Amino acid sequence: MTSTAQKILEDALSLPEDERAALADALNESLSPKGDLSPAWKAEIARRIEAVEGGESRLIPGDEALARVRAALESR
């Protein structure tokens, strides 16, 4: 990482969490090929994010989700 990139990183890490998240989203978007997702998928993603942020849905840690799937498969 160049010294310029390191300075930008340090500055970014000093931002509030919501601003860091927005910056991370913008950087990630810049790395993804445009047109990867259909408008319907983008709308679905936005709907799911709103559901989590609004308390309507609950996230499950990956290891717990895998344990549930394995248990369901074993009980078949």
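Hydrogens, waters and symmetry mates play no part in the numbers below; they use all other heavy atoms, side chains included. Note that the coordinates shown come from a computational prediction; the quantities given were computed from them, not determined experimentally.
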Point to revise | For Arg20, salt bridge (charged side-chain N to carboxylate O under 4.0 Å, His left out) partners two or more places apart | key: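 Once residues adjacent in sequence are excluded, Arg20 has no partner under the salt bridge (charged side-chain N to carboxylate O under 4.0 Å, His left out) criterion.
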Only counting residues at least two apart or in another chain, list the ones meeting salt bridge (charged side-chain N to carboxylate O under 4.0 Å, His left out) with Glu44.
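Partners of Glu44 by the salt bridge (charged side-chain N to carboxylate O under 4.0 Å, His left out) criterion, ordered by chain and then number, come out as Arg47, Arg48.
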Practice task
Considering only Ile, Leu, Val, Met, Phe, Trp and Tyr, and joining two whenever side-chain heavy atoms are under 4.5 Å apart, list the other residues clustered with Val52.
Solution key: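 Joined to Val52, directly or through intermediates: Leu59.
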key: Side-chain cluster (under 4.5 Å, hydrophobic types only) that Leu27 belongs to, other residues   =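 So far as hydrophobic clustering goes, Leu27 is joined with Leu15, Leu23.
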- prompt: Quick one: does Lys42's side chain get under 4.5 Å of Pro39's, heavy atoms only?
  reply: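 Of all side-chain heavy-atom pairs linking Pro39 with Lys42, none is under 4.5 Å.
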- Task: Could you note down all residue pairs passing salt bridge (charged side-chain N to carboxylate O under 4.0 Å, His left out) where residues 66-76 supplies at least one of them, sequence neighbours left out?
- Result: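 As it turns out, the salt bridge (charged side-chain N to carboxylate O under 4.0 Å, His left out) pairs with a partner in residues 66-76, which skip direct neighbours, are Glu64-Arg68.
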Show me, pair by pair, the donor-acceptor contacts under 3.5 angstrom made by side chains of residues 4-11, not counting sequence neighbours?
residue	atom	partner	partner atom	Å
Gln6	NE2	Glu10	OE2	3.4
Lys7	NZ	Asp11	OD1	2.7
Lys7	NZ	Asp11	OD2	3.3

